[in-house]
Engineer: 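Attaching a single structure in structure tokens format; questions to follow.
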Protein chains: 2
Amino acid sequence: MNSEFTIAVHSLALLAYRPDHMATSDMIAHNVCTHPARVRKVMAMLRKQGYVAAKEGIGGGFLLNCNPDEVTLAEMYRLTSMGSVKPGWCSGDEEQDCMIACNMATVMDHIFSGAEKQLIDYFGQWTIRDVLEQVRKEQQSK
Amino acid sequence: MNSEFTIAVHSLALLAYRPDHMATSDMIAHNVCTHPARVRKVMAMLRKQGYVAAKEGIGGGFLLNCNPDEVTLAEMYRLTSMGSVKPGWCSGDEEQDCMIACNMATVMDHIFSGAEKQLIDYFGQWTIRDVLEQVRKEQQSK
DNA sequence: CTTACTGTTATTATATTGATTACAGTTAGA
DNA sequence: TCTAACTGTAATCAATATAATAACAGTAAG
């Protein structure tokens, strides 16, 4: 799993939480605990898909541009981490005589595709609002 | 996802496919396309759980010691890749004042645990036999 | 007692990931 | 119009994770 997924979810939750629904990359980076440039990279993806708006120049930053009740983690997964279930390394070798060696890569590919579908279904059940709610519950339970 | 999962599944399928249900680490490594030492490492895990038996010395190798109809990919996942859904990198910082920063790591942790459960459920639907069947189908479709 | 195996650890090479730097472009406000 | 505070983006460096390889002890068949 790509950790840009985590950054995207965290950033949207933070924007949804803030009263003005706005924050600079410095503020987000500090909250998330990473480098502002990394945040800007992830936010650029979110901006291109319309989840946030970016304002350059003084007083600028990122503004939430979606409904946290409707945006699911599945969308964030697709945006940031699609394909990450399948390992980079593949077994087998198309050139061999053995039926197993020849076809295992393709079969594992199918299996990993199915696994990713399952994962996306699961993430589809979580909205940004749900994440915020969980954060609140976690806070209260202290 | 850990690619040792792939090696474990491929190796069991290969053993199940071979008439004598036996192969050396060299043979498996060649079939899988990796180094024999890596195969031995994975097979040692399978042996400790009783999925295969190992015979040392001349004429030795690994022998299938389980029913391919019953062993599922979920077991292979647990054995080789448990925890791999959650990225190594975590956002947030317990020390901060912000409710989001403080609790996001815990919440994401819950979310990734749920995701892994989903994945394991899915892998539980696949047996080694199913993998072999898929390989056969793939071969026929050429 | 030699040869062909497994078991295991250590080391090295490679790939992936994240941090950091750098700088161009933008905009508000003095 | 100039400056300061932003984003956008690419390039580079550092850290980490992954896979390959080497090495060698232990074991068993012939």
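Letters A, B, ... are given to chains in the order of the sequence lines, protein chains preceding strands, and every chain is numbered from 1.
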Engineer: Quickly work out the A/Lys41 NZ to C/dA19 C1' distance and round it to whole Å.
Structural biologist: 12 Å
Engineer: Just compare C/dT20, D/dA19, C/dT6 and give me whichever is closest to any side-chain atom of B/Ala54.
Structural biologist: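 Closest nucleotide to the B/Ala54 side chain: C/dT6.
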Engineer: Round to a whole Å and report the spacing from CG of A/Asp26 to P of D/dT7.
Structural biologist: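 After rounding, the gap between these two atoms is 7 Å.
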Engineer: Assess whether side chain to side chain contact (heavy atoms under 4.5 Å, CB included) is satisfied between A/Val52 and A/Leu63, documenting all intermediate values.
Structural biologist: CA-CA 5 Å; A/Val52 299; A/Leu63 178 69; over 6 Å; no
Engineer: Tell me the interatomic distance from A/Arg40, atom CZ, to D/dG8, atom P, rounded to whole angstroms.
Structural biologist: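 Those two atoms, CZ and P, are 8 Å apart.
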Engineer: Using whole Å, report how far NE2 of A/His35 lies from P of D/dA11.
Structural biologist: 17 Å
Engineer: Can you work out whether A/Ile58 or A/Cys33 has the more 5'-proximal nearest nucleotide on DNA chain C?
Structural biologist: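 With A/Ile58 and A/Cys33 compared, the 5'-side residue is A/Cys33.
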Engineer: Quick one: A/Leu63 CG to D/dC6 P, roughly how many Å, whole number?
Structural biologist: 15 Å
Engineer: Nearest to the side chain of A/Trp89 - D/dG26, D/dA20, D/dA29?
Structural biologist: D/dA20
Engineer: From CE of B/Met22 over to C1' of C/dA4, roughly how many Å is that when rounded to an integer?
Structural biologist: 12 Å
Engineer: Using the six-membered ring wherever Trp is involved, compare the ring planes of B/Phe5 and B/Phe123 and label them parallel, tilted or perpendicular (cut-offs 30° and 60°).
Structural biologist: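 Rings of B/Phe5 and B/Phe123: tilted, as their planes differ by 30° to 60°.
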Engineer: Please evaluate the base of C/dG18 for a donor-acceptor partner in the side chain of A/Arg38 within a cut-off of under 3.5 Å?
Structural biologist: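 Looking at the base of C/dG18, it does not pair with any donor or acceptor on the side chain of A/Arg38 (distance under 3.5 Å).
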Engineer: Tell me which of A/Glu4 and B/Gly61 sits closer to the 5' end of DNA chain C, going by the nucleotide each one is nearest to.
Structural biologist: B/Gly61
Engineer: Please report how far the helix from C/dC1-D/dG30 to C/dA30-D/dT1 bends, comparing the axis fitted to its first five pairs with the axis fitted to its last five, to the nearest 10 degrees.
Structural biologist: 0°
Engineer: Are A/Val85 and B/Trp89 connected into the same hydrophobic cluster when the rule is that any two of I, L, V, M, F, W, Y join if their side-chain heavy atoms are below 4.5 Å apart?
Structural biologist: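 Result: yes, single cluster for both.
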